[in-house]
Student: 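After the structure tokens below, expect a handful of questions from me.
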Protein chains: 2
Amino acid sequence: MAKRSSIKDVASRAGVSVTTVSHVLNDVPGKRISDDTRSRVRQAADELSYRPNSMARSLRLQRSHILAMVSDQIATTPHAGQIILGAQEAASKRGWLLMLVNSGGDRETERAEILALQQRQVDGFLYATMYHQVVDVPAELGDSAVTLLDARCDDRRIPSVAPDEVQGGQVATQLLLDQGHRRIGLINNADDIPATEGRLTGYLSALREAGIEPDDDLVERGRSEASGGYAAGLALLDRDPRPTAIFCFNDRMAMGLYQAAAERGLRIPEDLSVVGFDNQELIADGLRPGLTTVALPHYEMGAWAVETLIRRLEDPDTPSEQVLLRCPVVERGSVSPPAASPGA
Amino acid sequence: MAKRSSIKDVASRAGVSVTTVSHVLNDVPGKRISDDTRSRVRQAADELSYRPNSMARSLRLQRSHILAMVSDQIATTPHAGQIILGAQEAASKRGWLLMLVNSGGDRETERAEILALQQRQVDGFLYATMYHQVVDVPAELGDSAVTLLDARCDDRRIPSVAPDEVQGGQVATQLLLDQGHRRIGLINNADDIPATEGRLTGYLSALREAGIEPDDDLVERGRSEASGGYAAGLALLDRDPRPTAIFCFNDRMAMGLYQAAAERGLRIPEDLSVVGFDNQELIADGLRPGLTTVALPHYEMGAWAVETLIRRLEDPDTPSEQVLLRCPVVERGSVSPPAASPGA
DNA sequence: GCGAGGCTCGACAACGTTGTCAAGCACTTC
DNA sequence: GAAGTGCTTGACAACGTTGTCGAGCCTCGC
């Protein structure tokens, strides 16, 4: 209702010039202003609950302190709310604002949105994808500061964060090995994306490191959905000898595997241990027993990306870095030691 | 890299004053400017790919064309990406921008975020909650234009949109009645929120309208999670005679019911029809068979809220409205006619 | 008593726009 | 030929800030 008060109001109430108000409130170094004036200004500002108009400030400073996160789907996917949260908290901790924009995967609306954002004087961009991908950065972004989030690109001058898929595959497999499992299956994704290859690599290397020669027969691929996990699960459970544990590409496939196991009359974890990936709580907590899985470092990635972007905005000489973040295990109830040598 | 070009650049390239450029580019009505000048200006603007600086424009116009959606959890919850999408698309269709802010449910950070947003000259606020709630609008918002999203409040001067829970409960129950079910159970939420009461009301009224006297024994309550649905499901399935169909408060509880049914050796939908609520695709598509459920009108609510807010911003006399939006059924595979009179 | 020097503070311009108002010019009209 | 009439266009101020620069005044030292 009441119009917001401006620096002029503060100035006249304190009986000083706007210049002085600005100097006091911004604590401009090197400015000598008497303590008396300082406190008069501060008090006036308080009384009017003055807040500088940041549009005016941005205009003057040629810096908006606004970051934009443009992504294909992030904001509308259950996957990655934590990315947003991490980014937002990091931004607001440093006094920056974060805008979210969804392109829905459409290049044309993406282009339009980026242009609109640039027109709004956004200082920097987070370019994020719904899942770990190798991307081409849109040409419109060429002139702006950019950081890739949950994605990588070939241009090493562009900083990026993504999950360490290999380490994730390794740690999931290791979890099973630690319980004494030797015949460990893998239900992998059929799509050719970094996660597919990375998690497989991690799985294989964990096995080899444990002195187990990987068995091709224990690796199935399918659509990365419950139905894919169900089909692949059935196939794997019908092997002879049967695997005593299965690592699934993601929690949705693990959900399908649960169904397959139930159909074969196998109890989890007594007859079959299962490890998922993604830590989708809706699934992992909903399943019986709860699904032990590997979490993607969404929150950390979001925070890292924002911090890196701001750092490079404030000091353009900061070198570009491309990092992979660790994926931690989240234990629930789907893993136990194998039943006493079933096939031995 | 290259500095963005300003209206001055366009003016000098076209050989006219900035005033003229502004008039031409904004198509100011009532201004007579020769076609020759017009096209010279347009061409110059094109060649420089000029885009007006919207911070400067906002400063001048005292209107930022930015909306903020502040919510407790929305951006980080799988629940409601569609709310965001609907809001964002409606905003960008009219040339407005939408900012998202999460308070995490903490009043203090909420306060801080709102203040920061107001300082950024945000024109209006969408105040959204993770699930349909009756809320108190934060005092800081008192002076700003506000629309409630997926929430209501007692102050009728504040517009709001929320799902029509009663209609949702009704349509879900009706779906089962239409298939010929007569003994229809309800697994309801134990929390005292509008959805709990509304869906129950809808369930009861559908039953009565079909000439069936509701049976208290067929209504169970539990925590609104898979485990709650599991427990309540077990209880309901052990009734004699057993219900032939069950309507669940949400898809998570339905997931638990699936587990309970499996444990009792009941097939869905042959032995038991199930209807959920929320249309959480991760669950509804992941279950076998797919879960028939009722969707919340998230997208529509987001769009409605933005449109209403903008309309009231542009014409402050627009009357305030509090609406409830219909919840549509999404059919998958968990409903069929009852087996031939099992208990009759 | 006078100049030098230090301490406070304010005038002004600029950031990029847009609305207001008036000025310039060609052309009628008497 | 002078005054009036349209039609085009531009000067200027303002939106709310902040950085630069200089002005005023007080004190000190000789």
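Below, chain A is the first sequence line, B the second, and so on; all start at residue 1. FYI, side chains are in, hydrogens and waters are out, and symmetry mates aren't considered; it's all heavy atoms of this structure. Remember, it's a predicted structure, so these values are computed and weren't measured experimentally.
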Student: With a 4.0 Å limit, can you tell me whether B:K8 has a side-chain N or O closer than that to the phosphate oxygens OP1/OP2 of C:dC15?
Tutor: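 Answer yes for this pair, as a side-chain N or O of B:K8 is under 4.0 Å from OP1 or OP2.
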Student: Report the distance from atom CG of B:L48 to atom P of C:dG16, rounded to the nearest whole Å.
Tutor: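 Atom CG in B:L48 sits about 14 Å away from atom P in C:dG16.
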Student: Taking the side chain as everything from C-beta on, heavy atoms only, tell me whether B:T318 gets closer than 4.5 Å to B:D315.
Tutor: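 Counting from C-beta outward, B:T318 and B:D315 do come under 4.5 Å.
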Student: Rounded to whole Å, please give me the gap between CD in B:Q119 and C1' in D:dT17.
Tutor: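 After rounding, the reported distance stands at 12 Å.
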Student: Decide yes or no for A:R38 and A:V41: does some side-chain heavy atom of the first lie under 4.5 Å from some side-chain heavy atom of the second?
Tutor: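 No, too far: nothing below the 4.5 Å cut-off.
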Student: How many whole angstroms separate atom CG of B:L61 from atom P of D:dG16?
Tutor: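 Taking atom P of D:dG16 as the reference, CG of B:L61 is at 12 Å.
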Student: So does B:R63 have more than 12 non-hydrogen atoms from other groups sitting under 6.0 Å from CZ?
Tutor: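 More than 12 heavy atoms, drawn from other residues, nucleotides or ligands, come within 6.0 Å of this atom.
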Student: Protein within reach of the bases, or only the backbone? For nucleotides 8-13 of chain D, mark each nucleotide 5' to 3' as B, S or -, using heavy atoms under 4.0 Å.
Tutor: BBBBBB
Student: Please name the residue in the list A:R120, A:Q119, A:Q118 that meets the side-chain contact (heavy atoms from CB on, under 4.5 Å) test with B:R51.
Tutor: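 Among A:R120, A:Q119, A:Q118, the one that satisfies the side-chain contact (heavy atoms from CB on, under 4.5 Å) with B:R51 is A:Q119.
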Student: Whole Å only: how far is the CD atom of A:Q62 from the P atom of D:dG19?
Tutor: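 After rounding, the gap between these two atoms is 13 Å.
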Student: Could you tell me whether the side chain of A:R326 reaches within less than 4.5 Å of the side chain of A:D164, counting heavy atoms only?
Tutor: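 A:D164 does not reach A:R326 side chain to side chain.
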Student: Can you list everything that forms a salt bridge (Lys or Arg N to Asp or Glu O under 4.0 Å) with B:R152? Sequence neighbours excluded, please.
Tutor: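 If we apply the salt bridge (Lys or Arg N to Asp or Glu O under 4.0 Å) test to B:R152, skipping adjacent residues, there are no hits.
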Student: Would you indicate which nucleotide in D:dC15, C:dG16, D:dT17 comes nearest to any side-chain atom of A:L59?
Tutor: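 Selected nucleotide (nearest to the side chain): C:dG16.
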Student: Rounding to a whole Å, what distance do you find between B:N26:CG and C:dG19:P?
Tutor: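 From B:N26 CG to C:dG19 P: 7 Å.
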Student: Take atom CZ in A:R156; do more than 12 heavy atoms of anything else shown fall under 6.0 Å from it?
Tutor: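 Result for CZ/A:R156: open.
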Student: Find the distance A:D9:CG to D:dT17:C1' and express it as a whole number of Å.
Tutor: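 So the CG-C1' distance, A:D9 to D:dT17, works out to 13 Å.
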Student: Tell me the interatomic distance from B:L25, atom CG, to C:dT17, atom P, rounded to whole angstroms.
Tutor: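 Taking CG of B:L25 and P of C:dT17, I get 10 Å after rounding.
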Student: Could you identify which residues of residues 51-58 of chain B place a heavy atom less than 4.0 Å from some atom of DNA chain C, listed by residue number, or say none?
Tutor: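 Only B:R51, B:P52, B:N53, B:A56, B:R57 qualify.
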Student: So A:Q73 and A:Y131, side chain to side chain donor-acceptor pair (under 3.5 Å) or not? Walk me through it.
Tutor: CA-CA 9 Å; A:Q73 300 279 3; A:Y131 57 87; over 6 Å; no
Student: CZ of A:R107: more than 12 outside heavy atoms within 6.0 angstrom?
Tutor: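 Yes, enclosed.
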